[in-house]
Novice: 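Let me give you the structure first, and then I'll get to my questions.
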Amino acid sequence: MIQVEHVEKKFGKRTVLRDVSMTVPTGSVTVILGPSGSGKTTFLRTINFLGQADNGTLRLDEDKAVDMAHASKKEILNVRRNTAMVFQLYNLFSNMTVLENVMEGLITVQKKSKKEARERALDCLKEVDMDQYQDYYPVQLSGGQQQRVGIARALAMNPKVILFDEPTSALDPELVGEVLTVIKKIAREWKVTMIIVTHEIAFAREIADQVIFMEDGLIVEEGTADEVLSHPKELRTRQFLNRFLNNSCLACQVLEQEGGDGLWHTRVS
C-alpha cells in the first residue's frame, strides 16, 4: 500500500498541488487523469522525491509515515529504493547498451554483483520482449522500444510501487499499443502496485482499479473506472471526458442523459 495525505506544492506564488490525498492498495492500479497543468506529473514526482512537497505525508506499507517537506536523506533513499519511475522521455543513458541501462541501478543502488545484475536485467528484458536488443544502444531503438527498456529497468529494481508519467505521450501513435500491452501484462502477471498518469482513456478503463481526475491541483473526482469514466458525478469530469475524447483519434465517446435521472453514461470504443 502507498498512502499520501495532504500534499501541497508551490512554485513561487503559484500553487500546483492543493491538499491532495490518495491511497493505493497493494497490487492495484490507479490511473490519474486530468488536463495539462492540473498537477498530475508534479504529484507523481513528489511521491518519488524528484520534487519535494511543501507539505504532506507518505507511507509505504507499514513503514512509518514520512514528512514529505522535511524528509531525511535516509527516508528519501528508502522511498526511492521501494519505488521506480517510468518517464515520458525514457531517460536512458545514451552511452550504455540496453543491458547496461537495466543493470546500472542494480549495481549502483542495490550493490549487486555484475553477474547477479546481468541475470536480473535479462529476465526483465525478456518480460518486455527486448532481450534480443540487449547489445543495442538507445539511438538504435524506436521510441516504443526505448520505453519498454525503461519499464524493464523499473521492474529490475523489484519496487513496491511503479510510477508511470505519461509513458506513451512521446510516442508515435502506432507505437502506443506495444507499450500499453506491456504495462497491462506487468499489471496482470507481476501484481505490482502502479500509479499511472495518462491520457489514454480506453486504456484506463481496461486496467485501472481506481481512477482519479485532477484539475487545478485538486482531486475533483475519484472512484472505480466504471464510476468515473461511465458515470462521472462531477460536471467538470464530464466536460473533460467529452472534450478530450471528442478531440482524440484514439477513442470516441458519447455522453447521454437518460430519463432525467441525472446519470451520465460514457461509451468508449
Side-chain angles (χ1 to χ4, degrees), residues 1-4 7 17 20-48 83-88 147 150-151 154-155 159-171 176-234 236-245 247-248 250-253 264-269:
M1 177 199 72
I2 180 169
Q3 183 178 50
V4 290
V7 177
L17 297 173
V20 177
S21 298
M22 179 183 68
T23 297
V24 182
T26 300
S28 70
V29 178
T30 291
V31 170
I32 303 177
L33 305 173
S36 297
S38 59
K40 308 182 302 296
T41 292
T42 299
F43 179 57
L44 211 63
R45 291 175 67 86
T46 62
I47 292 174
N48 205 34
T83 60
M85 191 90 161
V86 176
F87 299 90
Q88 293 181 39
Q147 192 60 289
I151 294 170
L155 283 174
K160 292 181 179 179
V161 182
I162 301 181
L163 310 170
F164 293 84
D165 182 17
E166 300 198 34
T168 62
S169 65
L171 300 179
V176 169
E178 68 182 62
V179 172
L180 295 183
T181 297
V182 166
I183 295 173
K184 286 189 286 186
K185 175 187 175 185
I186 299 305
R188 183 176 63 250
E189 297 180 3
W190 287 59
K191 303 297 183 184
V192 63
T193 307
M194 293 182 178
I195 304 174
I196 306 173
V197 170
T198 184
H199 283 130
E200 304 289 347
I201 307 297
F203 171 67
R205 174 186 293 280
E206 186 173 350
I207 195 173
D209 299 295
Q210 176 179 225
V211 173
I212 289 174
F213 174 67
M214 289 184 67
E215 185 176 52
D216 195 27
L218 293 166
I219 292 179
V220 175
E221 186 164 357
E222 59 185 308
T224 66
D226 182 64
E227 288 169 344
V228 176
L229 300 179
S230 295
H231 305 86
K233 296 176 182 178
E234 300 297 327
R236 185 63 190 96
T237 310
R238 299 198 296 267
Q239 290 173 335
F240 170 81
L241 291 170
N242 191 34
R243 184 176 298 113
F244 184 83
L245 290 174
N247 292 327
S248 173
L250 300 177
C252 64
Q253 178 234 35
W264 288 76
H265 302 279
T266 308
R267 295 203 299 269
V268 182
S269 59

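Side chains are part of it too, since the values below use all heavy atoms of this structure and drop only hydrogens, waters and symmetry mates. In what follows, residues are counted from 1 in the order of the sequence shown.
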Novice: Can you find a heavy atom in the side chain of Ile212 that is under 4.5 Å from one in the side chain of Val228?
Specialist: no

Novice: Kindly write out the residues that satisfy side-chain hydrogen bond (donor to acceptor under 3.5 Å, both in side chains) with Thr83, not counting sequence neighbours, or none if the list is empty.
Specialist: Asn48

Novice: Using the ring-ring contact (aromatic ring centres under 6.0 Å, His included) criterion, which residues pair with Phe203? Sequence neighbours excluded.
Specialist: none

Novice: Among all residues two or more places apart in sequence or in another chain, which pass the salt bridge (Lys or Arg N to Asp or Glu O under 4.0 Å) test with Lys191?
Specialist: none

Novice: Do Thr181 side-chain atoms and Gly177 backbone N/O form a donor-acceptor pair below 3.5 Å?
Specialist: yes

Novice: Taking side chain to side chain contact (heavy atoms under 4.5 Å, CB included) as the test, write out the residues that go with Ser21, two or more places apart.
Specialist: Glu5, His6

Novice: Could you tell me which residues satisfy side-chain hydrogen bond (donor to acceptor under 3.5 Å, both in side chains) with Glu234, sequence neighbours excluded, listed by chain and number?
Specialist: none

Novice: What distance do Leu163 atom CG and Thr41 atom OG1 have between them, rounded to the nearest 0.5 Å?
Specialist: 11.0 Å

Novice: Nearest 0.5 angstrom please: Lys233 NZ to Glu222 CD, how far?
Specialist: 10.5 Å

Novice: When rounded to the nearest 0.5 angstrom, what is the spacing between CD in Glu221 and OG1 in Thr237?
Specialist: 4.0 Å

Novice: Taking the side chain as everything from C-beta on, heavy atoms only, tell me whether Leu241 gets closer than 4.5 Å to Leu229.
Specialist: yes

Novice: Under the salt bridge (charged side-chain N to carboxylate O under 4.0 Å, His left out) rule, what pairs show up with a residue in residues 160-170, not counting sequence neighbours?
Specialist: Asp61-Lys160

Novice: Using the test side-chain hydrogen bond (donor to acceptor under 3.5 Å, both in side chains), find all partners of Thr198 that sit at least two apart in sequence or belong to another chain.
Specialist: none

Novice: For Thr224 and Glu227, indicate whether the former's side chain and the latter's backbone hold a donor-acceptor pair under 3.5 Å.
Specialist: yes

Novice: List the atom of Gln88, the atom of Ala170, and the distance in Å for their closest heavy-atom pair.
Specialist: O-CB, 3.6 Å

Novice: Work out which heavy atom in Val86 is nearest to a heavy atom in Gly150; give both atom names and the distance.
Specialist: CG2-O, 4.1 Å

Novice: Grab the two heavy atoms, one from Val179 and one from Pro167, that are nearest each other, plus how far apart they are.
Specialist: CG1-O, 4.4 Å

Novice: Identify, with sequence neighbours excluded, every residue that meets side-chain hydrogen bond (donor to acceptor under 3.5 Å, both in side chains) alongside Glu178.
Specialist: Arg148

Novice: Does anything in residues 208-218 pair up under salt bridge (charged side-chain N to carboxylate O under 4.0 Å, His left out), and if so which pairs, sequence neighbours excluded?
Specialist: Arg18-Asp216, Glu215-Arg236

Novice: Locate the shortest heavy-atom distance separating Ser230 from Arg205; write the atom from each residue and the value.
Specialist: OG-NH1, 2.9 Å

Novice: Which atom pair, heavy atoms only, marks the closest approach of Pro35 to Phe213?
Specialist: CD-CE1, 3.8 Å

Novice: Please report the closest heavy-atom contact between Ile207 and Val29, naming both atoms and the distance.
Specialist: O-CB, 3.7 Å

Novice: Which distance, rounded to the nearest 0.5 Å, do you find between the CG of Leu155 and the CD1 of Ile162?
Specialist: 4.5 Å

Novice: Taking only residues two or more places apart in sequence or in another chain, which ones pass side chain to side chain contact (heavy atoms under 4.5 Å, CB included) with Lys185?
Specialist: Glu127, Arg188, Glu189

